[in-house]
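Beneath this line is the structure, given in structure tokens, with notes to follow.
Only this structure's heavy atoms are used, side chains among them; waters, hydrogens and symmetry mates stay out.
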Amino acid sequence: MLEKTFNPKSVEPRLYAKWEASGAFAPKDDPGAQPYSIVIPPPNVTGSLHIGHALNNTLQDVLVRFQRMRGRAALWLPGTDHAGIATQMMVERQLAESGNMGRRDLGREAFVERVWEWKAKSGGTIVRQLRRLGASCDWSRERFTLDEGLSAAVRKVFVTLYKQGLIYRDKRLVNWQPELQTAVSDLEVVNLEVTGQMWRFRYPISGEPDRFIVVATTRPETMLGDTAVAVHPADERYKDLVGKQVRLPLVGRLIPIIADDYADPEKGTGAVKITPAHDFNDFRVGQRHGLEAINVFTPDARLNENAPEKYRGLDRFVARKKIVEDLEALGLFEGVDANRMTVPYDEKSKLVVIEPYLTDQWWVDAKTLAQPAIRAVEEGKTVFEPKSWERTYFDWMRNIEPWCVSRQLWWGHRIPAWYGPDGAIFVEETEAAALAAARAHYGRSETLTQDEDVLDTWFSSGLWPFSTLGWPEQTRDLERFYPTWDLVTSFDIIFFWVARMMMLGIHFMGEVPFRRVVINALIRDEQGQKMSKTKGNVVDPLDLIDEYGADALRFTMAAMSGQARDIRLSRERIEGYRNFGTKLWNAARFCQMNSCERVEGFDPATVRHVQNRWIRGELLKTSRAVTAALEAAACDEAAGALFRFVWNVFCDWHLELAKPLLVGDPAVAAETRATTAWVLDQILRLLHPIMPFMTEELWEKTAEAGPPRDSMLITAPWPDPPDSYADAAAEAEMTLVIAAIREGRSVRAELNVPPSARPPLIVTEAGERQRRILTQNAEAIRQMLRVEGLRFDGEASGAVPYVAEGASFALPVADFIDLAAERARLTKEVAALASDIDRTAKKLANPDFVARAPEEVVEENRERLSGAQEAKARLDAALERLGAVS
RNA sequence: GGGCGGCUAGCUCAGCUGGUCAGAGCGCCUGGUUUACACCCAGGAGGCCGGGGGUUCGAACCCCUCGCCGCCCACCA
């Protein structure tokens, strides 16, 4: 006997171990099976499972379990990302907390060693947590972005792109994170709006005493690096000054006044100081005018030796204050205003102001790589789901900037570039190859030094769909599983990750990395706030699993996955889906108590009783709906269809109405038992991708009676009931019965009495009166039910037993059909059809329309007209007949 | 500045191409507990579908406009 409720705590670990041990997670090795593959968005190895992971991985697991059951060789490839900055910072922090030497004292090699130690000890957290969620990843193929195979892929890609001229070294402005002292990409910068100040200063015109040009700036400290002042060429105020020079205050350097469109007469004073080394716009102006770029900052954003001595070593913000004071003292201060402006911050901490900084970095020519990636989506080789995200993708790809891929960190893939004594660059996959290249270049052996930098984390994750499958080796996995089928990810990494995978995948594999990108939403708390540790509103999915079970959490994730952007998570909702699980559990318990056991060789096609034919058809509909939904990656629709079928159809109606059948005619009872067991079996299959644990458990328990099972549920075949299971007559009749019970007051009252006191519902032959009513009004009823073209035959149909004499819910037809309401409805519909006919006829009568509209549109309208006319004729007749019903 | 979402019952949201579309779950109210399930059952109250205009025989759904709310992108001194 089943327990009263499902106990996830004891069942989940047991079943997961059983699945894993059985090898069910690995794709089956059947060459005839069509492959299906998903690569996991690799979570940071430092991370732990948050609710977003729960959503994202639930969706992947649903898809992969679905495809596995459909007989495909389904692979879900797991792994983790080394997460350069995050991991390095974390280990550094731990070193500091435990009073150890800092990173720099430790030295590069020893530090990296420490990070690996940490990874070995604690890096498995998130992977263990994924198991608790039920993720059916093939752990035998687990990868890590820094493992040997992936590192080889990274080196090969870097070297190849370099040799193709798509990676290059360049000195230009980058986003500099002064605290970590590394470059970061545009995407790692977040612009926040703040109220700052805009100062106005007088720059004295050279050779014209007492004449000034007033410039406006929000960053006075960078003035020490000014190399020009720009005004708009058409700005009358300054026309005569163009070509003259100003004496840069505090520095004494002479700098030119130039005319450039960049200067906006409306902004500030119309005259803008140009500091090419510290501002992206100014850098461009500088390039146009051949200006020198003078860097006045050190890597940790203090003033350097290019600044006048009194400012050297000062922090940028301290220097700012001092410079304003000094200019004021010189009488060059004109004024200051509060100013709303955006300031670039470090995307992670949101505390450190990012500095445009002039350094040598490695760049990827993203513009070139983006072109085929844009085309691939345009041509539908990769589709986004929902499609609206394609626009986001296009917008970014079409305006893509060079990608800075070098990072001044230690944890990551070291750049495979070596420098000769004279600075010549040798980019090769190994040091040996670099030495050989150097020998060829110099004509003798030279000592080389390797580039100190590592690559952006996203460089290696950009290769993930093929590097994890074994590339650059031509492996069988690569052949079978690339391109992958689905990528499931959240929209916040479309740029970071999806776009890079598209570019690199197409470039190196010649094919898109995935056929479909399924974008899932972001989860917020119940107030709609983004979850964050600092706000303390983080919901730990593991707590939820402890409390409600993994299946409940998974069902919740699936059911809410339809929301495009934001999901607000509430415990009530999870509780509701936990209750749903309990409901199913108890339905199974009911089946067990009533000996609804699977029957060897049972064929649903042969059932005769109307209710069994009906539930068979309902199961068919549900099965079709769930299959279609999962094919479309619409997990919410699949979950909804299953919820409604299990609760509102199977439990509320089938099981309730089965009760009298089970104690009645033995033949009907036996058929109902077998049918019920069969339906439950199909439910377990259909529900398994979303609720794997409970369904597998029930699969096991229901194996105790009846024929033995061929396999665990995880590898059981997906239901594919034939269309012939549909039975329109049974459906029509059951609709009547259900309507009767729902609408009939007296019946409702009967059903309300306690089950023990409830008289058994007797199934007998229909009385003469009921038979006559049904037969006479069959046509009208058919119309009322909108069941067109059905063989509704009161006499032959199974409806008869349900309107049997003595049955507690047997009612004359006229009692449960509100004739007046039906007449009104039909009348309304006839009117609608009439107007449709009218409009279409008018349209077709218009010679202009017939002459100019496309042929198929005209044809469509003709069909519509005749269809409407026929329908109207039918309804008119029905109305007429209805008038005769009493 | 550009772009994208959202605004439907007290709450969270469904409503897929305009015609049973005014719904679900939770919450609330009423009634029900001796064998499937109180993590339940039966019933009920509650919404000018953000405002205004338009198209249409018909609009939560299409168009225009306004108003909030949220997100993404952007180099404005």
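With A36(B), C39(B), A77(B) as the candidates, the nucleotide lying closest to the side chain of M198(A) is A77(B). With C75(B), C26(B), C73(B) as the candidates, the nucleotide lying closest to the side chain of F495(A) is C73(B). Residue T342(A) places its side chain closer to A74(B) than to any other of C37(B), C26(B), A74(B). Of the candidates A36(B), C37(B), A77(B), A36(B) carries the atom nearest the A587(A) side chain, counting heavy atoms from C-beta on. Distance from the side chain of M593(A) is smallest for U35(B) among the nucleotides A77(B), C39(B), U35(B). Of the candidate nucleotides C75(B), A77(B), A36(B), C75(B) has the atom nearest to the side chain of N281(A). Across A77(B), C39(B), C75(B), the shortest atom-to-atom separation from the side chain of V272(A) is found for A77(B).
With RNA chain B read from its 5' end, the first of the two nearest nucleotides for C651(A) and D395(A) is the one closest to D395(A). For the pair T5(A) and P265(A), both in contact range of RNA chain B, the more 5′-proximal nearest nucleotide belongs to T5(A).
Counting to the nearest Å, the P atom of C39(B) and the CZ atom of R571(A) are 17 Å from each other. Spacing between atom CD1 of I523(A) and atom P of U12(B) amounts to 16 Å, rounded to whole angstrom units. Taking atom CZ of residue R578(A) and atom C1' of nucleotide C37(B), one finds them 12 Å apart after rounding to whole Å. The distance between atom CG of L569(A) and atom P of C13(B), rounded to the nearest whole Å, is 11 Å. Atom CD of E390(A) is separated from atom C1' of C72(B) by 17 Å (rounded to the nearest Å). Here G15(B) presents its C1' atom at 17 Å from CZ of F643(A), a figure rounded to the nearest Å. Atom CZ in F394(A) sits roughly 18 Å away from atom P in G3(B) (whole-Å rounding). Spacing between atom CG of L187(A) and atom P of C71(B) amounts to 18 Å, rounded to whole angstrom units.
The same atom, C1', is picked in C69(B) and in G31(B); the two are 42 Å apart, to the nearest Å. G50(B) and C11(B) are spaced 14 Å apart, taking the P atom of each and rounding to whole Å. Between the P atoms of G43(B) and A24(B), the separation comes to 12 Å (whole Å). Rounded to whole Å, the C1' atom of C21(B) lies 27 Å from the corresponding atom of C4(B). Annotation: G3(B) and C39(B) have their C1' atoms spaced 45 Å apart (nearest Å). Using atom P as the reference point in both G46(B) and U33(B), the two lie 28 Å apart (nearest Å). When the C1' atom is compared between G23(B) and C40(B), the two are found 23 Å apart, to the nearest whole Å. Distance check on atom P: G44(B) versus G25(B) gives 13 Å, rounded to whole Å.
Residues R554(A) and I690(A) come closest through the heavy atom pair NE-O, 3.0 Å.
Using a cutoff of 4.0 Å between basic side-chain nitrogens and carboxylate oxygens, E334(A) and R202(A) are scored as salt-bridged.
More than 12 heavy atoms of other shown residues, nucleotides or ligands fall within 6.0 angstrom of atom CD in E704(A).
Using a 4.0 Å heavy-atom distance criterion, G270(A) is classed as a base contact. C591(A) comes within contact range of no nucleotide atom at all, as no heavy-atom separation falls under 4.0 Å. In this structure, A263(A) reaches the bases: a heavy-atom distance under 4.0 Å links it to at least one base atom across the strands shown. If you check every strand for non-hydrogen atoms under 4.0 Å, W647(A) touches sugar and phosphate atoms only.
Base pairing analysis places G18(B) opposite nothing; no Watson-Crick or G-U wobble pair with both distances below 3.5 Å involves it. In this entry G25(B) has C11(B) as its Watson-Crick or G-U wobble partner, both defining distances falling under 3.5 Å. Figure legend. C71(B) is base-paired to G3(B); pairs are counted as Watson-Crick or G-U wobble with both atom distances under 3.5 Å.
Between D279(A) and T222(A), every side-chain heavy-atom pair lies at or beyond the 4.5 Å cut-off. Two residues are said to be in side-chain contact when any heavy atoms from C-beta on lie closer than 4.5 Å; T392(A) and F495(A) meet this criterion.
No hydrogens or angles considered: nothing links the side chains of N175(A) and Y357(A) as a donor-acceptor pair under 3.5 Å.
R391(A) forms no cation-pi arrangement with F394(A), by the criterion of a distance under 6.0 Å to the ring centre and an angle within 45° of the ring axis.
Neither OP1 nor OP2 of C73(B) sits under 4.0 Å from any side-chain N or O of N191(A). Considering only side-chain N and O atoms, R391(A) lies under 4.0 angstrom from the phosphate OP1 or OP2 of C4(B).
A donor N or O paired with an acceptor N or O is not found under 3.5 Å between the base of A74(B) and the side-chain atoms of E401(A).
E731(A) pairs by the salt bridge (charged side-chain N to carboxylate O under 4.0 Å, His left out) definition with K621(A), not counting sequence neighbours.
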